[in-house]
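Worksheet: one structure, shown below.
Proteins come first, then strands; the chains are lettered A, B, ... in the order of their sequence lines, and each starts at number 1.
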Amino acid sequence: MPLKIYNTLTRKVEELIPGGIRKNTPEEYPPVTIYSCGPTVYSYAHIGNFRTFISNDFLRRYLKFRGFRVNHAMNITDVDDKTIKGSQQEGVTLAEYTKKYTGIFYEDLKTLNIEPVEHNPKATESVDEMINILKRIDENGILYEKDGSLYFNISKFPDYGKLSLLDKREIKSGVSFDADEYEKEDVRDFALWKAPKANEPFWETPYGPGRPGWHIECSAMIRKIFGTTIDIHTGGVDLVFPHHENEIAQSEAAYGEKFVRHWIHTEHLLVDGAKMSKSAGNFYTLRDLLARGYSPRSIRYLLMSAHYKKQLNFTLEGITQADQALERIDNFILRLNDRKNTSGENPGIENICSALIHEFIETVDNDLNISGGLGVFFDFIHKINTLISEDKVSGRDSEIVFETLKKIDHVFGFIFAVSDETEDADRERIDLLVNERIEAKKNKQFARADEIRELLKSEGVILEDTKDGTRWKRKK
RNA sequence: GGCGCUGUACCCAAGUGGUAAGGGGCAGGUCUGCAAAACCUUUAUUCAUCGGUUCGAAUCCGAUCGGCGCCUCCA
């Protein structure tokens, strides 16, 4: 069973064939080249941004889990209207300004347990490659200059519009296509290079000074890192038009070869059923949510748990539900830990574990069906839980289960990766109290036992009396 | 107006021709000194509505109604 993913360009679910030449196993393929449109570092990224980045992270992790090697780049857009404006308002250089928000962005990625990727190119460090592309487009007669800016001539690139089905679109009357204050021959031509304005940073080129148009940044970084056709290009749906359409036009017009094999677009996150916006009061950054006491792990779970091609309606209630799902996983791990010192061996465990891996792959291979994968995973927990209740899981068995959980967590990143669950400083004291309570119960001093239970409860520690003894956990 | 996503139980959410996964919640049960927690069991003759194709449809086709997004910077 091959891994299949929906391709925005062809509008079909297609097998992923890295390098374009079919091989027998994932390991035989060349590394999967992936480019993800990253953030513009002008402010804190919001949770909608992180939905896309988590969906990219899931793709990357799953490919590795399946045995593919990956070579993944995510850019940092560190020059555009917003970053320039922001730096001017704060009275700092563009570089200082973007450095601050780039740092914050990386911190947030780490908080959400999003894996670092192999390359993080910056637009400002890729200007040489942009000039190369400008030259090639110029040589091919598709570039024109007007008032110091350079434009892409859509009429000379017949393939223009194939990603966004532009020929099928009709322009709503009243929508201005000329909103960026630059003169163009055709309203749909787009700026490759923008003439410098007063007090704005600029770079020297053979075509004169100026700064990059937004779209050419990505084309240049992809060329610089990967050189040729890449396997996967990802981004949010809003980037289909015009950003990705323009990337295709530039790169293919410049180099005459296929730009990208698979386009993957993550649908938008809604908040309380509507588009997130500051004016609507439903705009959240990651840090807003953390300040309200929600855990990064729950947020990761929630953002990950729905299929990438469907809009995800984010609610605070949803985080709570995600948190409860995670608690089921945590309780499972606690129960598993309790089996550590039991002896014996249940041959059925190994079968259940390998069945989980097989079913998981079979499910998720179908266009990254994460919800289905979660279903398979919770089924597995249920099966093992039942065996634990029947006393049919030994210490050795539990180790096999743990190994399986670790494998799956390479994809999920929320089973064990719990940065917010550090070693409890009060562990010793709590253990002592718990033991005192066990003694009290033995001696039928129930008043004292209840007193200890209440004391710990007031500190947020929950005791669980099981038939094998008492264990405790922190209330979330 | 065009394009795209979408409508599955109280909430979240899989399932694209073979008879409704999973999580939360609710309700029972087990365990317990009592509780709590945990675990177990149960919870949609039905998939927005209407019609069609088919031996068979949530899944395909047509119509209708509804939610959301994009078409302007945007993950």
Requested in this report: Go ahead and name the base partner of C10(B); Watson-Crick or wobble counts if both distances stay under 3.5 Å, otherwise write none.
Outcome: G24(B)

Query raised in the report: Donor-acceptor pair, Thr77(A) side chain versus Thr40(A) backbone, under 3.5 Å?
Result: no

Requested in this report: Have a look at Asp80(A) and say if it touches a base, only the backbone sugar-phosphate, or nothing, with a 4.0 Å heavy-atom cut-off.
Outcome: nothing

Query raised in the report: Which part of the nucleic acid does Lys473(A) contact within heavy-atom distance under 4.0 Å: base, sugar-phosphate only, or nothing?
Result: sugar-phosphate

Requested in this report: Report which part of the nucleic acid Arg335(A) touches: base, sugar-phosphate, or nothing (heavy-atom distance under 4.0 Å, all strands).
Outcome: sugar-phosphate

Query raised in the report: Do Phe53(A) and Phe58(A) have ring centres separated by under 6.0 Å?
Result: no

Requested in this report: For Gly235(A), answer base if it contacts any base atom (sugar-phosphate contacts may also be present), sugar-phosphate if it contacts only those atoms, and nothing otherwise; contact means non-hydrogen atoms under 4.0 Å.
Outcome: sugar-phosphate

Query raised in the report: Which is true for Ala449(A) with a 4.0 Å heavy-atom rule: it touches a base, it touches only sugar-phosphate, or it touches nothing?
Result: base

Query raised in the report: With sugar-phosphate meaning primed atoms plus P, OP1 and OP2, does Gly375(A) contact a base, only sugar-phosphate, or nothing at under 4.0 Å between heavy atoms?
Result: base

Query raised in the report: Within the structure shown, what part of the strands sits under 4.0 Å from Asp465(A) by heavy-atom distance: base, sugar-phosphate, or nothing?
Result: base

Query raised in the report: Reckon His382(A) touches a base, only the sugar-phosphate, or nothing at all at heavy-atom distances under 4.0 Å?
Result: sugar-phosphate

Query raised in the report: Across the strands shown, which category fits Phe378(A) at heavy-atom distances under 4.0 angstrom: base, sugar-phosphate, nothing?
Result: sugar-phosphate

Report task. Remember a base hit wins even if backbone is also touched, and classify Leu269(A) as base, sugar-phosphate or nothing at under 4.0 Å, heavy atoms. Result -> base

Query raised in the report: What does Gly373(A) touch in the nucleic acid at a heavy-atom separation under 4.0 angstrom: a base, only the sugar-phosphate, or nothing?
Result: nothing

Report task. Could you tell me whether Lys309(A) sits above the aromatic face of Tyr6(A), with NZ or CZ closer than 6.0 angstrom to the six-membered ring centre and within 45 degrees of the axis? Result -> yes

Query raised in the report: Quick one: salt bridge (charged side-chain N to carboxylate O under 4.0 Å, His left out) pairs with a partner in residues 443-463 of chain A, sequence neighbours left out?
Result: Arg429(A)-Glu459(A), Glu436(A)-Arg448(A), Arg448(A)-Glu451(A), Asp450(A)-Arg453(A)

Report task. With P as the reference atom in both, quote the distance from A44(B) to A21(B) in angstrom, rounded to an integer. Result -> 11 Å

Query raised in the report: So what does Gln321(A) touch, heavy atoms closer than 4.0 Å: a base, only the sugar-phosphate, or nothing?
Result: base

Report summary line: Assert: residue with more 5' nearest nucleotide on RNA chain B, out of Tyr301(A) and Asn49(A), is Tyr301(A)

Report summary line: Between Ser389(A) and Leu463(A), whichever has its closest RNA chain B nucleotide further toward 5' is Leu463(A)

Query raised in the report: When you compare G23(B) with A13(B), how far apart are their P atoms, in angstrom units rounded to a whole number?
Result: 16 Å

Query raised in the report: Is there a residue in residues 303-316 of chain A whose heavy atoms reach under 4.0 Å of RNA chain B, and which residues are they?
Result: His307(A), Lys309(A), Lys310(A), Gln311(A)

Query raised in the report: Considering the options Thr52(A), Asn75(A), Thr234(A), Thr266(A), which one meets the side chain to side chain donor-acceptor pair (under 3.5 Å) requirement together with Ser36(A)?
Result: Thr234(A)

**Report entry** Touch class at under 4.0 angstrom, heavy-atom based, for Thr386(A) against every strand present
**Finding:** sugar-phosphate

